[in-house]
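Computation of the quantities below employed the complete heavy-atom set of this structure, encompassing side-chain atoms and omitting hydrogens, waters and symmetry-equivalent molecules. Because the structure is predicted, anything quoted here is derived from the model rather than measured.
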Amino acid sequence: MYLADYHLHTTCSPDGKLTASQIAGIALERGLHEICITDHLDTIFWNTYTPRTDFDWPALQRQIDEARALYGDRLVIRMGAELGEATISFDRADILLQNAPKLDFIIGSVHTASKKFDYFDLYYMEKRDLDYYRAIMDDYLDETVKLVQYGKFHVLGHLTLPLRYIKNNTGLSLTFDDQTARLEEIFSLMIDRGIGLELNTNRGGDPLPSAKILQLYRQMGGEVVTIGSDAHVPEHIGMAVRECQQLLRDTGWQYFATYDRSEPVFHRL
């Protein structure tokens, strides 16, 4: 069984707690064969709406080089990014990508609501009524459509993310079961553009997206799925990767993907 974690954050992310070398050492201890560092490449600065068009690539490259020097003979270490909040400014997203070195892999993600909700970070979901949560979920899908139409990334990250924060912050478990038509719209766009789907292990919580949505994507012709823990701290590195491989098998998948210089590499489940 080939094990890879394709969603990991170092101290080059504002919320990361570990260096690439620390991540790599832990990944080896947990039996992983490959990792990809995907630090936050956002069009706004963390916890603000201040425009951002730069990233400290030399700092990340130094971390990657150090990790490869220490562990590269035993672990494949890829350099990627998580492009966040592109829908706030596609122009700034373009600048961030143009200034990046050659990356192996890019996740495209939506973490914030739209202008209609003052761009608030979904992490700070408040306790409100069900109509509010449904409105946020609809808004999230609207932003996801815009992101996929932009399309300058390899996989769509943690689809159904609002469910994580609704559950974490309110204890309420919701689904996107009544949004199948919108999901089909998103998947059709993704497949047309060659964009894959991330199965986010949610650090051992409910996977993002669910088995039902994974099946829908596969039935529509989706072929590329990656697995990532979204780890920022030691305990989450590689968490539930094995269980999510089993989930993929259970939902009809035969392969999952890693990336090498922007090209998918397929591994049998």
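- Other members of a hydrophobic cluster containing Phe45 are absent, since no ILVMFWY side chain comes under 4.5 Å of it, directly or through relayed contacts.
- Hydrophobic clustering, with ILVMFWY side chains joined whenever heavy atoms are under 4.5 angstrom apart, groups Ile195 together with Met220.
- Not one N or O on the side chain of Asp118 forms a donor-acceptor pair closer than 3.5 Å with the backbone of Phe120.
- No donor-acceptor distance shorter than 3.5 angstrom exists from the side chain of Ser188 to the backbone of Glu184, with no hydrogens or angles considered.
- Both Val145 and Leu141 are part of a single hydrophobic cluster, where members link through side-chain heavy atoms under 4.5 Å apart.
- Note: the hydrophobic cluster containing Leu8 does not contain Trp46 (ILVMFWY, side chain heavy atoms under 4.5 Å, direct or indirect links).
- Between the side chains of Arg242 and Gln245, not a single donor N or O lies within less than 3.5 Å of an accepting N or O.
- Side-chain contact, Thr11 with Gln22: no donor N or O sits under 3.5 Å from an acceptor N or O.
- Counted by atom type alone, Thr258 and His267 present one or more donor-acceptor pairs between their side chains at under 3.5 Å.
- Side-chain contacts under 4.5 Å among hydrophobic residues (ILVMFWY), followed directly or transitively, place Phe105 together with Tyr6, Ile107, Val155, Val224, Tyr255, Tyr259, Phe266.
- Remark: side-chain polar atoms of Asn200 are not paired, donor with acceptor, to backbone N or O of Leu159 under 3.5 angstrom.
- Of the listed residues (Ile37, Thr38, Ile64), just one forms a side chain to side chain contact (heavy atoms under 4.5 Å, CB included) with Thr10, and that residue is Ile37.
- Between the Asp260 side chain and the Glu263 main chain, no donor and acceptor come within less than 3.5 Å of each other.
- In this structure, Thr201 contributes its side chain and Met239 its backbone to a donor-acceptor pair below 3.5 Å.
- Arg68 places a side-chain N or O within donor-acceptor distance of the main-chain N or O of Ile77, the cut-off being under 3.5 Å.
- In the hydrophobic clustering of ILVMFWY residues, with side-chain heavy atoms under 4.5 Å counting as a link, Leu208 and Leu199 come out together.
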Full working for side chain to side chain contact (heavy atoms under 4.5 Å, CB included) between Leu156 and Ile186: CA-CA 10 Å; Leu156 178 64; Ile186 290 167; 4.1 Å; yes

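- Looking at Tyr133, its side chain does come within 3.5 Å of a backbone N or O of Arg128 through a donor-acceptor pair.
- In terms of hydrophobic clustering, with Ile, Leu, Val, Met, Phe, Trp and Tyr side chains grouped at heavy-atom distances under 4.5 Å, Val76 and Leu28 are assigned to a common cluster.
- In terms of heavy atoms, Cys12 sits closest to Asp39 at CB-OD2, 3.5 Å.
- When atom types are taken as modelled, the side chain of Gln63 and the backbone of Ala20 share a donor-acceptor pair closer than 3.5 angstrom.
- Residues Asp104 and Arg261 come closest through the heavy atom pair OD1-N, 2.7 Å.
- Contact check on Asp178 versus Arg134 returns a salt bridge, with a Lys/Arg side-chain nitrogen under 4.0 Å from an Asp/Glu carboxylate oxygen.
- Between Tyr2 and His33, the ring planes lie parallel to each other; the angle is under 30°, not in the 30° to 60° tilted range.
- Shortest non-hydrogen contact noted between Leu32 and Ala4 is CD2-N, 4.5 Å.
- Looking at Lys152 and Asp94, a side-chain N of the basic residue comes within less than 4.0 Å of a carboxylate O on the acidic one, giving a salt bridge.
- Arg164 and Asp230 are joined by a salt bridge, as a carboxylate oxygen and a charged side-chain nitrogen come within less than 4.0 angstrom of each other.
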Audit row: Val110, Leu161, side chain to side chain contact (heavy atoms under 4.5 Å, CB included) steps and yes/no: CA-CA 8 Å; Val110 175; Leu161 181 67; over 6 Å; no

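- The backbone N or O of Leu163 sits nowhere less than 3.5 Å from a side-chain atom of Thr160 that would complete a donor-acceptor pair.
- Looking at Tyr123 and Asn47, their side chains never bring a donor and an acceptor atom within 3.5 Å of each other.
- Heavy atoms only, all atoms of each residue included: Leu130 and Leu172 are closest at CD1-CD2, 4.2 Å.
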